[in-house]
Amino acid sequence: MTQLFTESYMVRFLLHNTLGAWWAGKVLALDPSLAHDAANEDALRAACALPGIAWEYLRFVRDDEGTGPWRPAAGTFPGWPRRAVEITYCDPCCGSGHFLVEAFTILAALRQREESLSASGAAVAVLRDNLHGLELDGRCVQIAAFNVALAAWKLAGAPIPLPSPHIAWVGAPPPMSRTEMAALADGDSTLRGALETLYDQFAQGPLLGSLLQVGARDLLDADLRERGDAASAKLRGAEPERLEGAIAARGLLDAASLIGRRYFLLATNVPFLGRGKQSQGLADFIDKYMPEGKADLATAMLQRMRRMAMPDGAVASVTPQNWFYLGGYERLRRDIILNASFAVVVDLGPAAFQDMNWWAARTALVVIHNVKPDGGDSCLAIDADTGRDLERKPSILRDGNIRKFRQAAQLRNPDARIVLAERSDLALLKTYADSRWGLRTSDSPRFIIQFWETPAKQPGWDFLQSSPTEESEFTGKQQAVFWQSGAGAIYDLSEVGAASIQGMDAWKRRGIAISLMRTLPCGLYDGEIFDNNSAVIWPLDEKNYEAIWSFVSSDQFRTEVRKIHQRVNLTNQTLLKVPFDLAYWKTVADERYPEGLPEPYSDDPTQWLFHGHPAFAARGTELHVALARLAGYRWPAEDDTTMHVSDLAKERIALATALPGTDADGLLPLHPHSSDHPLADRLRHLLTAAFGAALSPVREQALVRAADTKLDKKEAQDATLETWLRDRAFRQHCVLFQHRPFLWQIWDGMKDGFSAFLHYHRLDSAALGTLTYTLLGDWIRTAKAEGQTALQERAEQLQQKLARIIEGENPYDIFVRWKPLARQPVGWDPDLNDGVRLNIRPFMTAGILREQPKGIHWRKDRGSDLASAPWYKLGLDYGGKPSDRINDHHTTLAEKRAARGPP
C-alpha cells in the first residue's frame, strides 16, 4: 500500500508534467504567440489553467539557450490522441487511489473544457472512458473505488449514479477449483477453454498482482464475454451456489481485460521489494519475464508498466533512486536509454516522504516515453536533493533550475549510470590508479581486536587499517587482525567460502584508504591489511601519488562520486569512475606539499603510530597516556623499530623511552603500599619528567579538566589527581579506548576503601594472586588493626570475589565460543588472543570494576558458524538455531577437566 503514503507534490508533479504537458502543447499550438511572448512559467501556467487545475508543478523551458520559444519541459507527447476522451490512464498499483483521484480531477477538467460537459457528465465520462486501476490488495480496491466515487460526487455537487469504476482486484485468487471453473461454461467448449486459461493465469494473482501477463488474448474477446454472461444467466436461477462462482469468474475476466490492454499513461508509486526478500516464486517469475529489473520489485514493475503502455504511451513513477547507479541495474538502464525516451528525471534525495522515510534512502521521479530517443534534450531534469529538508523539495520542483539532460551521453557514463550533472570529458581516475576492497573475516569478534588488547608484536596478529575519519591524514589505525601469516583460521574459512581474502594487491603499497560510507573520509595508507569497510586506492605511477591524494581528500572528489552513486555505501571500483584532472591536481599538490606528503605521525593514543609521550599527546589524553606508561604499557611504535614513522615521531619515541616510573608488576593500588607512594604522587612524578618541570597545581588541574572535558563532556568540581584517579579515570579510559580497556580498576565499593588499577596484559594468575592476598591482604590486616570494621568487611568481600575469579568456577569463568571445551580456560588463565570482551567477563560478573564498561556485552554475535564449529548446536539450548554464535554461556571446572582428560 505505498499509495497511502505518496506525497501530494509527487503525484501532482508527475501528472502535471504528463497530462498537463500534453494539454499545454495544445494550448501553445492554438496560440503560438504565447510561446514567444509569455514572460515566465507562471504566465504560461495561467494561460493553460482549467477550473480547479492551476498546474503549479507544470514546467516550461526555452530552447536555444533560453532565447527560443517556450515549450513544456517534459515534451508534448505527440503520439497521444488529440482529444482527452481517447486518453486512457491506468494506475497499476493503485493502493488507496491517490493517483486515481488526482488523475480523475485533471481528466474531468480537460473533458469539460473540450466537450462542454457538465460537471456530472464529465465525472461519468471519465469513469467510463479514461480511468483504470489495478491493485493486489482487495481491501485497497474498495478504498480506491470509494475515494474515486467521492471525488466524482464532489465534482458533481451531489451523489449521482456512476458507472462501475474500472478498478480491479488483480490479487484475487480463483474462487474455486479449475474443474469447477470450467464447469461454469455449461457445455460451451470455447468458453470452457477460456475459463481454464483464466484459472491458470489468476492462480498466481495473489503472488504477482499487476505483474501478471495475460497471454490468451481471446479471453478478452467481446463475443466470448457475451457468452460468459449467458452462462451466468443460465446459472442464476437454478443453482445459486454456482452463481457466486460465475460472478467471481466475470470479475477475473474484468481484471484480465484491464491487465491485457494498453494505455497512453500509467502513473504510480511502484511497490518495492529487494531481491533477497522476494519469495522464490516471485523471484523466478521476474527472472523469466523482467530480467533487467530483477534486482527489485520496483524496477520489475517499471518494466511491466512499459509493456502496458501504448507504443507512444508514457510511464510515470515514484521509484527508489538506486537503479540510476547500482551495477545490478545496468542492463535496465541501457535498455531504457536505447529504446525509450526520458521525459522527466528528478533526484529527490533522501527524506522525500513526510511519514515514510524508511521507504528508500533516496527517491526519484521519472517519466519514460515509449518512443525511441530522437537525440534531443527534451527532458525535464531537476536536482531536488535538499538533504533531509522536505519542505524545500516541492518548491524546487515548482521553480528550481531545470538541468540539460543528454540521454545519449548517459551511455558514456561508467556502467551507463544516470547522472543529472553535465558529463566531463576528462579521463577517469582509473586511468591513473587502481583499487581493491578489503579483507572480510566473516567473524569480526573472533578475528579483529583493538591493537591495545594485546601486547605489541603478539604472535599471529597484524595491524588492520580500518575506516579513516576526517581528523587527520593518519587515522583508522586502531585495529589488529588475527592473520597468522595467512595460514590460520581465516584462510581455512576462505577455503569454504565463509571469509574473503581481498585486497592483497594493495598490501605493502603506499596509497589512500577510503571509508566506503556517506562522506568518504580518507587517510594515507602504508601497506597494511585493511578491512572491507574501506577500500584502498594506489597510484599506478608513484609520481602521481601526491596529486591523487590531493584529489581524493578534496570535497570535489566526494561530489563527483555522489554524482554517479547516491547510495550511502558503495563499491571500491566506483571510486575510480570519476573524472580526474591530473595536471590541475599536480599543481595543487605542488603548492600544498612542496616537500612531499607527510610521513606517518599521530598524537592520538588510539592509533598504533602514537609515539607514547604524554606531553605531546592529544589534548585531554595526557593523563591517560601517563597512567598507561606507569602501568607498563608501551605503544607499538615504541617497540617496533621497523615501523614507518616520521622523524618527529622517532624523536618523541626516544624521549618517551627515557621517562621513569614504570611499575614492576602492573598492579597500581591508589593507596601507598610498602615502598610505593600513593598512585597520584607516582603519576605526578612521571608527569613532571614528561613536561620538564614540577607539576604545579594549576597545570595539574588543567590536565584533569582537559580529560574531563574530552571524555566526560563536562568538568568535575574536584580537579585533583586523587579524585580523578578514584572516580573518573577508569570510565574515561573505557571511553577513550572504545570500551576495550587494558587498564582495569577494581574496588570494594567504598570511596575511601581499597582500589587499584591492573594492567590486563600482565594480569596472569600469579599477579591476580599477589593483588588478592598480598596487596589486598595487607589492606585488610591494617584495617583490622586500626579497628576500621567497615573497611575490613568490604575489603574481605572483595577478596572473596577475587578468589572466586582465580578459581574460575561458573559463573566466574571465561567462555570462548571458538574453542572446544578442552581448550576453555581452567581458572583465571586468560588467553590475550581472545580479546578484552571475553576475558573481562568474570570481573564484570563479580561487580568489582569501578564502573561497568558500557560497550561490552556477550549477546549472540552476528553471522552463523559452520557445522565444524565446536559449539555449533549451542544455539538450540538458548531458544535459537544451530550455528548461532552464543557467547553468554558458562561451563564448570569439572566439565573442562573431564574434557582435558588425565594430566
Side-chain angles (χ1 to χ4, degrees), residues 452 471-472 602-607 610-635 652 655-656 658-663 666-673 676-739 741-759 849-851 853-854:
W452 54 79
E471 296 172 359
S472 76
S602 180
D603 289 330
D604 182 351
T606 68
Q607 305 296 299
F610 178 59
H611 45 69
H613 200 292
F616 306 109
R619 179 172 174 78
T621 68
E622 303 95 335
L623 292 180
H624 290 281
V625 173
L627 182 60
R629 296 197 70 81
L630 192 59
Y633 181 75
R634 295 295 180 266
W635 271 263
R652 293 181 172 173
L655 292 172
L659 292 174
T662 299
D663 186 77
L667 306 176
L668 303 175
L670 269 63
H671 65 280
H673 181 267
D676 286 338
H677 294 283
L679 182 57
D681 287 344
R682 298 173 67 186
L683 191 58
R684 287 187 182 100
H685 177 66
L686 191 152
L687 289 166
T688 295
F691 285 93
L695 194 66
S696 68
V698 173
R699 169 64 68 86
E700 177 180 314
Q701 291 177 12
L703 290 172
V704 170
R705 290 194 173 105
D708 289 346
T709 300
K710 179 178 179 65
L711 299 165
D712 280 342
K713 307 304 180 185
K714 61 181 180 180
E715 291 185 6
Q717 291 184 347
D718 189 332
T720 63
L721 277 179
E722 284 80 3
T723 305
W724 179 77
L725 284 167
R726 184 191 70 194
D727 297 339
R728 306 191 298 281
F730 180 61
R731 177 176 67 246
Q732 293 176 10
H733 174 83
C734 290
V735 172
L736 177 61
F737 291 100
Q738 301 176 30
H739 299 286
F742 59 87
L743 299 183
W744 299 355
Q745 183 185 8
I746 58 105
W747 75 323
D748 61 11
M750 298 182 70
K751 285 200 170 185
D752 56 348
F754 183 86
S755 183
F757 281 89
L758 320 176
H759 184 189
L849 294 175
R850 182 62 180 84
E851 293 199 21
K854 292 183 173 60

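- Annotation: side-chain contact (heavy atoms from CB on, under 4.5 Å) contacts of Arg684 (sequence neighbours excluded): Ala680, Asp681, Leu695, Glu700, Leu721, Glu722.
- Side-chain N or O atoms of Ser696 include one that pairs as donor or acceptor with a backbone N or O of Arg699 at under 3.5 Å.
- Of the possible donor and acceptor atoms, one in the side chain of Glu622 sits under 3.5 Å from a partner among the backbone N and O of Gly620.
- Shown here for Pro614 and Leu659, the closest heavy-atom pair between the two residues is CD-CD1, 3.6 Å.
- In this view, Asp748 satisfies the salt bridge (Lys or Arg N to Asp or Glu O under 4.0 Å) rule with no residue, not counting sequence neighbours.
- Put simply, CD on Gln745 and CG on Asp727 are 8.0 Å apart, with the number rounded to the nearest 0.5 Å.
- Considering all non-hydrogen atoms of both residues, Pro605 and Val625 come closest at CB-CG2, 3.9 Å.
- Here Ala756 pairs with Pro669, Phe754, Leu758, Leu771 under the side-chain contact (heavy atoms from CB on, under 4.5 Å) rule; sequence neighbours left out.
- Proximity of a side-chain donor or acceptor of Ser755 to a complementary backbone N or O of Ile746 within less than 3.5 Å is detected.
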Any chance you could lay out the side chain to side chain contact (heavy atoms under 4.5 Å, CB included) test for Leu630 and Phe757, step after step, and finish with the verdict?
CA-CA 10 Å; Leu630 192 59; Phe757 281 89; over 6 Å; no

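- The side-chain contact (heavy atoms from CB on, under 4.5 Å) check on Thr709 picks up Glu715, with sequence neighbours excluded.
- Under the 30°/60° scheme for interplanar angles, the aromatic rings of Trp635 and Phe737 are found to be tilted.
- For the pair Val735/Lys710, no side-chain contact is recorded, criterion being any heavy-atom separation below 4.5 Å from C-beta on.
- Side-chain atoms of His759 never come within 3.5 Å of backbone atoms of Leu668 as a donor-acceptor pair (strictly under, hydrogens ignored).
- In this structure, Pro853 and Phe730 approach most closely via the heavy-atom pair CG-CZ, 4.3 Å.
- Side-chain contact annotation: Asp603 with His611, donor-acceptor N/O pair under 3.5 Å present.
- The salt bridge (Lys or Arg N to Asp or Glu O under 4.0 Å) test applied to Arg731 returns Asp712, Glu851, not counting sequence neighbours.
- Ala626 and Leu687 make their closest contact through CB-CD2, 3.6 Å (heavy atoms, listed as atom of the first residue, atom of the second, distance).
- Contact annotation: the side chain of Leu655 approaches that of Phe616 to within less than 4.5 Å [non-hydrogen atoms, C-beta and beyond].
- Nearest heavy atoms, His613 versus Ala656: CD2-N, 3.4 Å.
- Taking CZ from Arg726 and CG from Asp718, the interatomic distance works out to 7.5 Å, rounded to the nearest 0.5 Å.
- Side-chain contact of Asp604 with Thr606: a donor-acceptor pair under 3.5 Å is present, judged by distance alone.
- Arg850 contributes no side-chain N or O that, together with a main-chain N or O of Trp747, makes up a donor-acceptor pair within less than 3.5 Å.
- Between the side chain of Arg634 and the backbone N or O of Arg629 there is at least one donor-acceptor pair closer than 3.5 Å.
- Qualifying salt bridge (Lys or Arg N to Asp or Glu O under 4.0 Å) partners for Arg682, counting only residues two or more places apart in sequence or in other chains: Asp663, Asp676.
- Between His624 and Ala729, the closest heavy-atom pair is CE1-O, 3.3 Å.
- Val704 has its side chain out of reach of Thr723: every pair of non-hydrogen atoms, C-beta onward, lies at least 4.5 Å apart.
- Rounding to the nearest 0.5 angstrom, the gap separating the CZ atom in Phe742 from the OH atom in Tyr633 is 5.5 Å.
- Side-chain N or O atoms of His733 include one that pairs as donor or acceptor with a backbone N or O of Leu743 at under 3.5 Å.
- Interatomic distance, CG of Leu670 versus CG of Asp752, reported as 12.0 Å (0.5 Å rounding).
- Side-chain contact between Trp724 and Leu703: absent, with no pair of heavy atoms (C-beta onward) separated by less than 4.5 Å.
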